[in-house]
Structures are given as C-alpha cells and as structure tokens.
Amino acid sequence: MAQGIGQAFAEHLVYDRSSGQLLSGSLMDYGLPRADEVPSFETDENPVPTKTNPLGVKGAGEAGAIGAPPALVNAVVDALGELGIEHLDMPLTPERLWQAIQTAERRAAA
C-alpha cells in the first residue's frame, strides 16, 4: 500500500525529449514514501480458494499498489471538486496540486 501511495503522490517517469533516455530511473530520482509518511494499515483476509487451478491459489502480490493510486487520486479530486477540479494526473505532487488550485481559482474569479 505504501508503494501505491508513492505512485499516487511522488513517482514520475521522466524521459529526455531528444534521446528517450529515462532520467528518473532510480529511487534517488523521485520521492519514496517512508514509514513515517504513510498511515498505519489494518489488513484482513478472505480465504476463498479459486476453482480455476488445482491449488486454489490467487495472485495478490501487488494488490495494495493496484487499488491505492486511483483511490487516492479520486479522493483528492473529490476534495477539490467544489473548486471545479474534475481531473488530476499523477503524481499529485504539492506543486501540481497548488497549480491546479490556482488555475481553478483564476477561472472562478474570471
């Protein structure tokens, strides 16, 4: 789930426009959420074996990373909905959020 938070708020792949070289290819190049920056999580299980394979197992290794980004982005868009903001692209960095709010406020004032 911490990985999903990082995807929503910090991870951004940046490529050089002329060469196509990845410029943000390591964890040193973008924000990585640390334990003191994410909430505590409570997890639960629902052990229902699948009938599609003999072991009854299901893949779930990236479950927190799959659901967290859209849930977080939708929550932020919902919170900013009164400003007329209906869409935001990840990552939701503080700068991007500030710019979206400023743009929405300028539109409202015009």
Side-chain angles (χ1 to χ4, degrees):
M1 289 184 275
Q3 180 183 355
I5 292 169
Q7 289 171 320
F9 293 113
E11 293 180 22
H12 188 204
L13 295 177
V14 178
Y15 294 90
D16 181 270
R17 287 185 184 264
S18 60
S19 69
Q21 176 69 37
L22 180 62
L23 301 175
S24 58
S26 77
L27 297 177
M28 297 297 292
D29 299 318
Y30 53 78
L32 179 68
R34 294 181 206 85
D36 64 337
E37 298 171 328
V38 297
S40 297
F41 301 112
E42 255 185 67
T43 60
D44 200 1
E45 7 180 299
N46 184 17
V48 178
T50 184
K51 296 177 183 173
T52 60
N53 68 62
L55 295 176
V57 297
K58 304 173 195 174
E62 295 181 354
I66 299 300
L72 294 168
V73 172
N74 285 330
V76 172
V77 169
D78 186 56
L80 299 176
E82 65 186 40
L83 298 174
I85 295 172
E86 298 177 350
H87 175 83
L88 293 166
D89 289 325
M90 294 190 313
L92 302 182
T93 61
E95 179 185 4
R96 281 190 175 181
L97 292 176
W98 184 83
Q99 288 175 346
I101 291 167
Q102 296 304 308
T103 300
E105 288 177 345
R106 280 193 300 274
R107 268 192 228 132

Could you walk me through whether T43 and M1 pass side-chain contact (heavy atoms from CB on, under 4.5 Å), step by step? CA-CA 10 Å; T43 60; M1 289 184 275; 3.7 Å; yes
Quick check: closest heavy atoms across A10 and P91, and the distance to 0.1 Å? N-CB, 3.7 Å
All pairs passing salt bridge (charged side-chain N to carboxylate O under 4.0 Å, His left out) where residues 30-53 contributes a residue, at least two apart: R34-E37
Let me check something: any side-chain donor-acceptor pairs from residues 68-83 under 3.5 Å, sequence neighbours excluded? List them with distances.
| residue | atom | partner | partner atom | Å |
| --- | --- | --- | --- | --- |
| N74 | ND2 | P70 | O | 3.1 |

Roughly how far, to the nearest 0.5 Å, is CD1 of I85 from OG1 of T103? 8.0 Å
As an exercise, state the distance from CD1 of I5 to CD of E11, rounded to the nearest 0.5 Å. 11.5 Å
What distance separates L88 CG from R96 CZ, expressed to the nearest 0.5 Å? 9.5 Å
Please write out which residues are connected to Y15 in a hydrophobic cluster, directly or through intermediates, given that two of Ile, Leu, Val, Met, Phe, Trp, Tyr count as joined at side-chain heavy-atom separations below 4.5 angstrom. L13, L22
Flag, side chain of S24 to backbone of V14, donor-acceptor distance under 3.5 Å: yes
Distance col, row L92:CG vs H12:NE2, nearest 0.5 angstrom, shows 11.5 Å
